[in-house]
Structure formats: structure tokens, C-alpha cells
Amino acid sequence: MILLTGATGYIGSHTWVKLLETGYEVIGLDNFSNSSQHVIDRIEKITNKKALFIEADVQDKFSLSDLFKKNQIEGVIHFAALKAVGESVQRPLDYYSNNLNGLLNLLGVLARFDCHNFVLSSSATVYHPENPIPYVEGMPLGSTSPYGWTKYMSEQILRDLEASNPEWRIAYLRYFNPVGAHPSGLIGEDPRGIPNNLMPFVTQVAVGKRKELSIFGGDWPTHDGTGVRDYIHVQDLARGHVRAIDYLLNQKKSLTVNLGAGKGYSVLDLVKSFEKASGQKIPYQIVDRRSGDIAAFYADASLADELLDWRIEFDLDAMCHDSWRWQSNNPNGFED
Ligand code: NAD
Ligand code: WQD
């Protein structure tokens with residue numbers, strides 16, 4: 001059985017579906033600090049399977065120990081974390097505390113129950129911002145926000161653990177910019193409050209929840225002056241997790257890979273693609289650059305291809321189509 005922490009969140013829920021469809025037994029865990037209970041019914045509806053779930057905090061040792069006592073867990077995919085970059089600058093202690101205490105607590109329980117297969121949700125944000133693009137796994141690391149440092153430190157903690165005991169097998173998955181939603185339109189990204197990320201902001205403008213998009217900077221050194229990122233469909237990302245778990249269980253080795261499309265698109269490229277996919281006009285205004293942003297980054301995704309036989313199946317148009325289907329079917333997210 002595979003344990004997913006942060007299972008009802010955006011990436012966790014899509015991965016849960018993929019694992020069940022692949023034939024894995026899964027148990028989900030979440031404290032609902034950034035997700036809805038309705039996700040569980042939707043997962044059952046999509047997969048036609050029972051979704052085993054426990055409401056708990058990864059910082060709660062007793063609940064985790066109890067879970068491991070009652071279930072034969074052979075691997076863990078650890079999504080549970082706080083993830084808003086701007087908020088992490090305002091509330092660094094909450095981020096260090098939740099993301100690092102949660103990880104340490106979970107690893108302590110895993111060690112006690114001899115479960116050594118672990119997948120970390122890492123991020124492109126662990127690459128030093130001065131690296132040339134595309135980002136390759138061996139490049140220098142660093143970060144620009146407390147959130148980013150929690151991912152950097154999480155990787156370091158796990159590397160020290162691996163060095164201490166060769167039984168540990170860790171997949172460090174560095175995601176680029178996940179967007180899109182399940183093709184059923186039943187699950188998708190549902191951020192609380194004002195979205196920080198581009199795609200949920202665009203979809204909320206499209207359903208009339210927000211007036212217009214603010215584009216952060218029109219004078220970046222990119223092909224049209226707007227920021228360039230590597231958008232990856234959440235369905236491709238979810239499939240990457242299934243491949244990573246297969247790899248840990250079968251190859252019995254650790255790995256560090258980028259999960260990105262390997263291509264960069266600008267904000268305006270995404271807006272145009274979204275308008276085509278949805279038939280909706282996205283009014284926008286170019287405003288000042290957002291502090292901490294950089295002009296462009298995208299992945300070199302060739303190592304994931306080589307080690308996991310994984311490459312993307314969905315392009316930007318498909319990402320926009322699926323994001324739109326999700327948001328238009330669920331204008332208020334899971335709270336409809
Ligand atoms: P999300 O907020 O939708 O999901 C995270 C889930 O973890 C939420 O359901 C939240 O309730 C839960 N959670 C948080 N702290 C918890 C705790 N202490 N105990 C139990 N549950 C807890 O975020 P997401 O976009 O699905 O991201 C999943 C993971 O991927 C995170 O670790 C995030 O840092 C990482 N990541 C996300 C992105 C992105 O852009 N979405 C990019 C790179 C990495
Ligand atoms: C994308 C582009 C913005 C919103 C963040 C984290 C990173 C990772 C993914 C977790 C940029 C522009 C955005 C808006 C805009 N998360 N933009 N108007 O900044 O690449 O990465 O999420 O690990 O760690 O830093 O993603 O979606 O915020 O921005 O113009 O309202 O869209 O400037 O060029 P980012 P994003």
C-alpha cells in the first residue's frame with residue numbers, strides 16, 4: 001500500500017487517481033488546511049473505487065504511528081506542505097515549521113516501521129536563480145523564498161538520511177509549473193483566496209470571478225517581454241509519480257529528476273492558448289514586475305525520459321482546455 005500525504009490537494013488528488021487506476025492500493029492523508037473533503041467523493045466517482053483516507057496532520061506522530069501499525073505501507077509520496085511563495089515571505093516560521101517538522105516527523109515514523117521508499121515533492125524553485133536555462137539536475141541549488149528553502153532543506157535532509165543508511169530509496173521530483181485538471185472536470189486546482197499562480201487567476205477571470213489579469217512585467221528579456229515558464233499538465237505530472245514509485249520498488253535505487261515539459265511559454269502565450277481553448281476573452285493589464293520573479297526558466301526533461309521512460313503527453317492547448325473545463329464546471333471550486 002502507498003501512503004499519500006497531502007492527498008486531497010491539487011497534485012495529490014490527481015496522483016491518487018492515477019495510482020488507483022494503475023492498480024496500487026492507496027491510503028490518503030490530509031489535514032484539509034488547503035483542500036476540501038469533497039475531493040474524496042470525486043476520486044471515488046472517477047475511479048469507481050473506495051478511497052481510503054485518514055484526516056491527520058503529518059506533524060502528529062501518534063496518528064502516523066497508528067496508521068503504520070494498521071497498514072502495510074511500502075512507500076510514501078509526500079505532497080503535504082504549504083506552498084505559497086509570497087505567504088512564505090510573510091510567515092516564514094509557519095512554512096519552516098509545517099514543511100520541515102512535518103517531513104522530520106514523517107521520516108522518524110517511516111524509519112521506525114522500516115519503510116524506506118519515499119517520494120519528495122520538490123520544485124524547480126530549488127535551482128539557483130542564476131543558473132542558465134534549461135535547468136539540469138546537477139546544477140547548483142539555492143532559493144529566493146522561505147518556501148523555496150524548505151524544499152532545498154527537505155532535499156538535504158533526505159540526502160543525509162540516504163548517506164546514513166543505504167536502505168533508503170528516495171525520488172526527488174522537481175516539478176516545474178503544474179496546470180490543467182483531470183479530463184472528467186471533477187477535480188482540479190482550487191486555491192483559497194486570491195490565486196498566486198497564473199493559471200488559476202486566468203481561469204477565475206474567465207468565469208467572471210476576477211475582473212482582469214495583471215501581467216507582472218512586459219519588459220523581461222523574453223520573446224514578447226512577459227515571463228517564460230515550463231507549464232506541465234497535472235495528468236503528466238501524476239503519471240510521473242506512478243513511474244517514480246515503480247522505479248523505487250523495482251530498481252531499488254534513488255533518483256533526482258525534473259518533471260517539466262522541457263519547453264518555455266510566456267504569460268501571453270498561455271493567455272492566447274487559453275482564449276482559444278475556452279472561447280473567453282481574458283482582459284489583462286501589464287503592471288510592474290513581481291518581486292522575486294525571474295525572466296525565464298524551463299526544464300531539461302531528458303533524465304526523466306531516460307530513467308523513468310517518462311515524457312509529456314499533453315501540450316499547452318490541452319492544459320488550457322482541461323483547466324477551463326474544471327473551472328467552468330465548478331466556478332466555486334469544490335464548494336459548489
Ligand atoms: P496543495 O496545497 O493543493 O496540496 C497540499 C496538501 O497538503 C493540501 O491538501 C493541504 O491541506 C495538505 N497539507 C499541508 N500541510 C499539511 C500537514 N501538516 N499535514 C497534513 N496535510 C497537510 O498543493 P499542491 O499544488 O498539490 O502541491 C503538492 C506538493 O507539491 C507540495 O509539497 C508543493 O510544495 C509541491 N509543489 C507544488 C508546485 C505547484 O506549483 N503546485 C510546484 C512544485 C512543487
Ligand atoms: C508564472 C508566470 C509570473 C500570476 C511558482 C513558485 C514555484 C512553483 C510554481 C512550487 C510568472 C506570471 C503570475 C499573475 C502574472 N511552486 N504571473 N500574473 O512564479 O513560476 O512559480 O509556482 O514549488 O516555486 O515560485 O509561477 O504561476 O506564480 O507565475 O503575470 O497573476 O506568470 O510573473 O512569469 P512561478 P506563477
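By convention here, the first residue in the shown sequence is residue 1. All ligand and atom numbering here is 1-based and tracks the order in the structure.
Only the side chain of Tyr147 comes within contact range of ligand 2, with a heavy atom under 4.0 Å; no backbone atom does. Counting heavy atoms under 4.0 Å from ligand 1, residue Thr125 does not touch it at all. Looking at Asn197 against ligand 2, both its backbone and its side chain come within 4.0 Å, counting heavy atoms. In Lys151, the part holding a heavy atom less than 4.0 Å from any atom of ligand 1 is the side chain. Only the backbone of Ser122 comes within 4.0 Å of ligand 1, counting heavy atoms alone; no side-chain atom from C-beta on gets that close. Only the backbone of Ser214 comes within contact range of ligand 2, with a heavy atom under 4.0 Å; no side-chain atom does. With a heavy-atom cut-off of 4.0 Å, Tyr147 touches ligand 1 through its side chain alone. With a 4.0 Å cut-off on non-hydrogen atoms, Ala7 does not touch ligand 1 at all. Residue-level proximity to ligand 2 for Arg290 is carried by the side chain, the only part with a heavy atom below 4.0 angstrom.
Close contacts between ligand 2 and Tyr231 involve ligand atoms 1 (C), 2 (C) [criterion: under 4.0 Å to a heavy atom]. The Asn196 neighbourhood of ligand 2 comprises atoms 4 (C), 28 (O), with distances under 4.0 Å to a heavy atom of that residue. In the vicinity of Val85, heavy-atom distances shorter than 4.0 Å reach the ligand 2 atoms 6 (C), 25 (O). Contact atoms of ligand 2 toward Asp293: 3 (C), 19 (O), 33 (O) (distance under 4.0 Å to a heavy atom of the residue).
Scanning the protein for heavy atoms near atom 27 (O) of ligand 2, the closest one is Leu198 N, 2.8 Å. Here the protein heavy atom with the shortest distance to atom 24 (O) of ligand 2 is Thr125 CB, 3.3 Å. Distance from atom 26 (O) of ligand 2 to its nearest protein heavy atom, with residue and atom name: Asn177 ND2, 3.1 Å. In terms of protein heavy-atom proximity, atom 17 (N) of ligand 2 is closest to Phe216 CD1, 3.6 Å. Nearest protein heavy-atom neighbour of atom 20 (O) of ligand 2: Arg229 NE, 2.5 Å. The nearest heavy-atom contact from the protein to atom 8 (C) of ligand 2 is Ser123 OG, 4.2 Å.
In this structure, Leu308 is a member of the same hydrophobic cluster as Ile232, with clusters built from ILVMFWY side-chain heavy atoms closer than 4.5 Å.
Proximity of the aromatic rings of Tyr247 and His241 is defined here by a centroid distance below 6.0 angstrom, and this criterion is not met. His38 has its ring centre no less than 6.0 Å from the ring centre of Phe334.
Under a 3.5 Å cut-off, the side chain of Asn71 and the backbone N or O of Ile73 do not form any donor-acceptor pair. Between the Arg192 side chain and the Ser35 main chain, a donor and an acceptor come within less than 3.5 Å of each other. Between the side chain of Glu275 and the backbone N or O of Ile282 there is at least one donor-acceptor pair closer than 3.5 Å.
Residue Asn98 has at least one nitrogen or oxygen atom sitting less than 3.5 Å from a nitrogen or oxygen atom of ligand 1, judged on distance alone. Note: an N/O pair closer than 3.5 Å links Asp30 and ligand 1 by distance alone. Residue Phe297 places no N or O, backbone or side chain, under 3.5 Å from any N or O of ligand 2. Ligand 1 has no N or O atom lying under 3.5 Å from any N or O atom of Tyr175, backbone or side chain. Considering both main-chain and side-chain atoms, Gly6 never comes within under 3.5 Å of ligand 1 through any nitrogen or oxygen pair. In terms of polar-atom proximity, Ser35 is counted as a contact of ligand 1, with an N or O under 3.5 Å from an N or O of the ligand. Of the polar atoms of Asn197, none of the N or O atoms is found under 3.5 Å from an N or O of ligand 1, judged by distance alone. Geometrically, ligand 1 and Phe79 share a nitrogen or oxygen pair separated by less than 3.5 Å. Residue Met199 has no N or O atom closer than 3.5 Å to an N or O atom of ligand 2.
Summarising the contacts of atom 19 (N) of ligand 1 with Ile77, Val58, Thr150, the nearest heavy atom is found in Val58. With atom 5 (C) of ligand 1 as the reference point, the heavy atom nearest to it among Ser33, Pro191, Ala81 is part of Ala81. Closest heavy-atom approach to atom 32 (O) of ligand 2 within the set Thr144, Val267, Val205: this belongs to Val267.
Between Ala56 and ligand 1 there is a heavy-atom distance shorter than 4.0 Å. Residue contact annotation: Lys83 has no non-hydrogen atom under 4.0 Å from ligand 2. For Pro178, the heavy-atom gap to ligand 1 drops under 4.0 angstrom.
In this structure, a donor-acceptor pair under 3.5 Å is present between the side chains of Asn258 and Tyr127.
A cation-pi arrangement is absent between Arg169 and Phe118 under the rule of less than 6.0 angstrom and at most 45 degrees off the ring axis.
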